[in-house]
Amino acid sequence: QVQLAESGGGSVQAGGSLRLSCAASRYAYYMAWFRQPPGKEREGVALLVSNGNTNYADSVKGRFTISKDTAKNILYLEMNSLKPDDTAMYYCAAQNRFVLCSGGFWPLKPPCFGDWGQGTQVTVSA
């Protein structure tokens with residue numbers, strides 16, 4: 001099991017930027033960011049695989065960047081050109097390499113991830 005702790009959320013105006021961090025207690029092969037807007041289901045935002053491959057939801061492509069400090073086991077989500085629609089609770093998630101996920105790990109599916117952080121709130125005002 002991986003313990004995850006997110007930080008870096010806050011309130012910004014549209015067009016602004018934020019960087020989220022997720023400190024992990026140990027290595028995980030798949031690491032991802034999800035978000036859950038108010039009154040909506042949790043949705044996948046970005047995936048980082050240990051081999052360096054990344055995937056992004058269409059809604060954030062070109063604006064968000066997922067990365068990792070491997071030495072420190074910290075996952076980041078750099079968010080630029082923020083929009084009010086980006087308002088959500090953002091969650092970090094992790095999974096080991098040899099866990100089966102029906103349909104693969106992309107697009108992201110919450111049931112495929114076993115370890116979650118507590119979330120950090122991002123609010124973007126118009």
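Position 1 is the first residue of the sequence, and the numbers go up from there.
- Taken from OG1 in Thr123 to CE in Met89, the straight-line distance is 8.5 Å, to the nearest 0.5 Å.
- No donor-acceptor pair under 3.5 Å is formed between the side chain of Arg97 and the backbone N or O of Tyr29.
- Classification of the Phe113-Phe105 ring pair by plane angle, with boundaries at 30° and 60°, yields perpendicular.
- Met31 places a side-chain heavy atom less than 4.5 Å from the side chain of Leu4.
- The nearest pair of heavy atoms linking Leu75 to Cys92 is CD2-SG, 3.9 Å.
- Clustering of Ile, Leu, Val, Met, Phe, Trp and Tyr by side-chain heavy atoms under 4.5 Å joins Ile74 with Tyr76.
- Asp86 places a side-chain heavy atom less than 4.5 Å from the side chain of Phe64.
- For the atom pair Gln95 CD and Tyr30 OH, the distance stands at 9.0 Å (nearest 0.5 Å).
- Partners of Asp58 by side chain to side chain contact (heavy atoms under 4.5 Å, CB included), not counting sequence neighbours, listed by chain and number: Lys61.
- One distance of note links CG of Leu77 with CZ of Phe34; it measures 12.5 Å at 0.5 Å rounding.
- Summarising the local packing, CD of Gln118 is surrounded by more than 12 heavy atoms from other residues, nucleotides or ligands at distances under 6.0 Å.
- With rounding to the nearest 0.5 angstrom, the CG atom of Leu48 is 11.5 Å from the SG atom of Cys22.
- A distance of 14.0 Å separates OG1 of Thr54 from NZ of Lys68, quoted to the nearest 0.5 Å.
- A pairwise comparison of heavy atoms in Ala46 and Tyr56 identifies CB-CD2, 3.7 Å as the closest pair.
- Side-chain contact check for Trp33 versus Met79: every heavy-atom pair is 4.5 Å or farther apart.
- In this structure, the side chain to side chain donor-acceptor pair (under 3.5 Å) partners of Tyr90, at least two apart in sequence or on a different chain, are Arg35.
- Of all non-hydrogen atoms in Asn80 and Ser17, the two that sit nearest each other are OD1-OG, 2.8 Å.
- Considering all non-hydrogen atoms of both residues, Cys112 and Ser102 come closest at SG-N, 4.5 Å.
- When every heavy atom of Gly44 is checked against every heavy atom of Ala57, the shortest pair comes out as O-CB, 3.6 Å.
- A 4.5 Å side-chain heavy-atom check between Cys101 and Lys109 finds at least one atom pair inside the cut-off.
- Within the 4.5 Å cutoff, no side-chain heavy atoms of Val2 are placed close to those of Tyr27.
- Contact between Pro84 and Ser125 at its shortest, heavy atoms only, is CG-C, 4.4 Å.
- Taking the side chain as every heavy atom from C-beta outward, Gln121 and Thr87 approach each other to under 4.5 Å.
- Judged purely by atom type and a 3.5 angstrom limit, Asp69 uses its side chain to pair as donor or acceptor with the backbone of Ala71.
- The line from CD of Glu78 to CD1 of Ile66 is 12.0 Å long, rounded to the nearest 0.5 Å.
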